[in-house]
Amino acid sequence: MPEEPSDDRSRAAHPRAGLRLMHVHAHPDDESSKGAASTAKYVAEGVDVHVVTCTGGERGSILNPKMDRPEILANITEIRRQEMERARDILGVTQDWLGFVDSGWPEGDPKPPLPEGCFASVPVEEAAEPLVRLIRSFRPHVVTTYDERGGYPHPDHIMCHRVSVAAFEAAGDPARYPDAGEPWQPLKLYYHHSFNRPRMQALHDAMIEHGLESPWAERLAEWKPEPEWDARITTQVECADYFGVRDQALLAHATQIDPDGMWFAIPRELQEKVWPHEDFELVVSHVDSPTPESDLFAGVADPS
Ligand SMILES: [Zn+2]
């Protein structure tokens with residue numbers, strides 16, 4: 001945890017000390033692929049950022065061909081823990097595991113049933129309890145999670161959405177989960193909209209314009225425009241200065257991220273120019289915060 005600023009100089013270096021942000025994610029690596037540049041920016045400004053990782057990512061496939069070796073697969077749980085430790089150091093966040101087991105990506109038609117005991121098979125009421133406890137102990141002003149589609153339809157991402165919304169609502173209510181700590185009501189709840197179509201289209205167009213091969217041609221051809229969905233974005237946080245930190249955090253998840261893959265196919269300079277922000281949707285606000293806005297803490301009073 002960063003120290004409280006004790007004089008004017010540290011106040012200038014950490015202008016937002018005392019503010020707390022909690023990101024709830026499904027797997028180790030999600031904190032680095034969604035909203036990671038704004039995380040790094042808030043950390044640099046003195047905000048305390050805490051990541052909650054719902055599952056251990058035990059069923060994640062190895063997506064980096066250079067890491068696809070039997071000894072890595074045999075120790076995947078421990079290796080993913082170590083990767084997460086590196087990523088959190090790079091991002092400057094603290095982190096807790098919620099302790100649930102990865103549900104895995106269901107493959108086949110029809111899809112197979114969920115593995116027994118996995119995160120997505122736990123009743124929401126029960127799965128929200130440890131998150132309520134963490135909200136009450138960390139006392140975030142702002143919480144982020146995924147939209148109701150999960151951002152992408154992994155069962156753990158959809159479950160992460162449900163559990164986060166339930167815990168956000170329950171944490172401030174003394175009648176709910178009375179044994180899980182002193183009630184604390186976070187002020188704002190956001191959904192990530194990192195992978196929105198307008199962003200992908202803008203980056204695709206810029207690649208073509210520069211005579212480069214776009215990694216998104218196929219995805220865009222299949223992805224029907226959804227203007228109403230895109231209009232749900234309320235908040236764009238400028239964070240291009242931290243795209244480098246985001247990329248380092250992603251690379252720390254070496255079993256999940258191929259350094260020669262699509263994550264790094266678009267030159268960073270182009271991203272900085274074309275889409276220099278990360279996108280969110282303000283879903284609940286207990287403070288006055290007119291949208292559109294450019295700061296997750298807009299309307300939240302300075303705690304000092
Ligand atoms: Zn995930």
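The figures that follow rest on heavy atoms only: side chains count, while hydrogens, waters and symmetry mates do not. Numbering of ligands and ligand atoms starts at 1, following listing order.
Between the side chain of Asp156 and the backbone N or O of Ser103, at least one donor-acceptor pair lies under 3.5 Å. Looking at Thr234, its side chain does come within 3.5 Å of a backbone N or O of Leu282 through a donor-acceptor pair.
For His192 and His157, the ring centers are positioned 6.0 Å apart or more. Aromatic pair Phe195/Trp216: centroids not less than 6.0 angstrom apart.
Among protein atoms, those of element N, O or S found less than 2.8 Å away from the Zn ion (ligand 1) are His27 ND1, Asp30 OD1, Asp30 OD2, His157 NE2.
For the pair Arg81 and Trp97, the cation-pi test (distance below 6.0 Å, angle within 45°) is passed.
In this view, Arg20 and Asp48, Phe138, Arg139, His141, Trp184 satisfy the side chain to side chain contact (heavy atoms under 4.5 Å, CB included) rule, not counting sequence neighbours.
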